[in-house]
Amino acid sequence: MTAPTFDAGDVTLEQVREFVWEIPQEGEMGAPARVLASEALLEEISGDKTLQQLRNATHLPGITNHAICMPDGHQGYGFPVGGVGAMDAENGCISPGAVGYDINCGVRMMRTNLTYDDVKGNEEELVDSMFANIPSGLGGGGVVESGIDTVEAVLDRGVEWALEEGYAVPDDLAHCEDEGVREGADPSKVSQKAKDRGKNQLGSLGSGNHFLEVQRVTDVFDHQVGEAYGLSEEQIVVLIHCGSRGLGHQTCNDYLRRIEKQHRGLLERLPDKELAAAPAGSQLAADYYGAMNAAINFAWVNRQLVMHRTRQVFERVFDRPWEEMGMELLYDVSHNIAKKETHTVEGDERELYVHRKGATRAFPAGHPEVPAAYREVGQPVIIPGSMGAGSYVLRGGEHSMDLTFGSTAHGAGRLMSRTQAKNDYWGGDVQDDLRDQQVYVKAQSGATIAEEAPGVYKDVDEVVRVSDALGIGDKVARTFPVCNVKG
DNA sequence: ATGTTC
């Protein structure tokens with residue numbers, strides 16, 4: 001009996017067990033690679049360069065266990081979106097392409113004590129007011145117009161800065177990874193150009209797949225965990241998806257160029273220039289880590305300011321203080337980061353740069369880094385789906401540390417390019433179709449709506465089914481959109 | 001993703 005295989009052109013995968021596929025180690029690969037997917041998802045994943053990129057990622061120095069692709073994986077810059085790579089923090093490397101251009105792109109979910117009935121009939125006013133008050137789209141304009149000093153304070157202190165300035169309450173920090181302040185942030189390693197780009201973007205959604213969405217909880221699958229997360233059916237919640245804007249993009253670009261110049265030897269041994277990496281222990285590795293951590297703080301403050309402004313919008317539309325509407329942060333998850341973490345590898349404790357690019361940390365119950373309020377049930381994981389499908393709340397599963405360095409998927413994953421989406425869809429039609437489903441969408445341009453049409457995304461149900469079955473992120477609740485503001 | 005084509 002031989003294991004079933006999946007033939008994807010120049011890459012052949014062997015099935016290890018249900019939903020686990022392996023590209024065996026050969027040639028210059030430093031480890032095998034694994035894809036966590038159903039056959040249907042693997043079929044989609046094999047339609048672009050994801051598998052080649054995943055195999056290439058195993059050439060990165062110090063790659064540990066396997067390079068891993070999540071069920072929502074698709075091709076990205078050098079390293080797949082939906083990829084997890086843990087590289088030894090002493091003898092390995094750190095790679096900006098394995099973090100992603102949008103450093104700490106992520107999502108946060110805010111609870112409310114409103115129900116769908118409270119919001120029904122006010123959708124138009126709500127979506128118009130959110131659109132008018134929360135900056136979105138490409139270019140400048142944020143909730144806070146800041147100078148360079150403010151940007152540096154944000155880079156250094158993260159959400160702590162927002163707390164001091166009255167844009168946050170202590171609970172907001174408690175319900176964010178690292179309590180909203182990344183250790184090891186070094187603003188002096190972020191270029192002047194990046195800081196300049198960040199000055200007028202603090203508190204802005206940006207463009208592309210970023211959004212602000214009012215949703216209703218349609219299902220709670222796990223009532224015990226749902227209760228711990230404060231979620232119940234028909235409740236209104238708010239989802240905020242954005243990142244570090246031009247500042248993070250500039251930072252990624254700055255370090256890619258510097259690494260390409262200063263570490264040519266390593267670059268030439270890699271199968272793809274886009275995987276450019278700084279060797280662990282080098283000055284550039286330390287500098288990039290300091291700059292990336294600072295950009296992570298910037299993105300957290302960005303989401304915090306969008307949340308703060310959303311609370312103000314609700315106050316005006318529903319005419320009462322946000323505290324009375326129970327608008328508390330449930331949790332904030334990062335999608336594009338690298339982090340020094342200690343993991344057990346074949347019985348040994350190892351310090352690793354865990355790169356999660358389009359992947360979510362999903363720590364299980366009992367882990368000390370899960371906020372106290374959720375420690376008994378596990379870390380909340382938020383999986384945004386498309387405007388027509390809704391989203392999921394999961395909790396970190398008991399097998400995540402063994403299988404994925406404590407990670408799971410981050411979304412539905414794109415099925416087609418933005419260019420193809422604009423050929424296949426027209427924004428106005430998509431908007432009308434969504435309206436027929438009682439979903440109110442407002443965007444800067446019709447093109448954005450076409451690019452983000454529900455049909456351009458993979459089946460989020462199938463992505464979550466795989467995560468749940470593997471025990472890396474377990475299904476807790478499901479939501480459906482009510483109002484959506486896109487960039 | 002992105003002052004949307006270094």
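Numbered from 1 within each chain, the chains take letters A, B, ... in sequence-line order. Small disclaimer: the values here were computed from a predicted structure and weren't measured.
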Mind checking if [X] touches a base, just sugar-phosphate, or nothing, with heavy atoms under 4.0 Å?
{"X": "A/S244", "answer": "nothing"}
{"X": "A/Q201", "answer": "sugar-phosphate"}
{"X": "A/K199", "answer": "nothing"}
{"X": "A/G208", "answer": "sugar-phosphate"}

Atom-to-atom span, [atom1] of [X] to [atom2] of [N] - whole angstrom:
{"X": "A/H249", "N": "B/dT5", "atom1": "NE2", "atom2": "C1'", "answer": "12 Å"}
{"X": "A/L138", "N": "B/dT2", "atom1": "CG", "atom2": "P", "answer": "6 Å"}
{"X": "A/K422", "N": "B/dT4", "atom1": "NZ", "atom2": "P", "answer": "13 Å"}
{"X": "A/K193", "N": "B/dC6", "atom1": "NZ", "atom2": "C1'", "answer": "9 Å"}
{"X": "A/N336", "N": "B/dT2", "atom1": "CG", "atom2": "C1'", "answer": "13 Å"}
{"X": "A/R418", "N": "B/dT5", "atom1": "CZ", "atom2": "P", "answer": "12 Å"}
{"X": "A/F298", "N": "B/dT2", "atom1": "CZ", "atom2": "P", "answer": "11 Å"}
{"X": "A/Y255", "N": "B/dC6", "atom1": "OH", "atom2": "P", "answer": "22 Å"}

Is it the case that A/R414 places NZ or CZ above or below the six-membered ring of A/Y457, under 6.0 angstrom from the centre and within 45 degrees of the axis?
-> yes
NZ/NE/NH1/NH2 to OD/OE distance under 4.0 Å, A/K486 and A/E451 = no
Test: A/K193 and A/D196 ion pair at under 4.0 Å = no
Check whether any side-chain nitrogen or oxygen of A/R245 sits under 4.0 Å from OP1 or OP2 of B/dT2, and answer yes or no.
-> yes
Most 5' of A/R257 and A/R414 on DNA chain B, judged by nearest nucleotide = A/R414
Inter-residue atom distance A/S188.OG - A/D156.CG, 0.5 Å rounding = 10.0 Å
A/A291 meets the side chain to side chain contact (heavy atoms under 4.5 Å, CB included) criterion, sequence neighbours left out, with A/K189, A/V190, A/T251, A/Y255
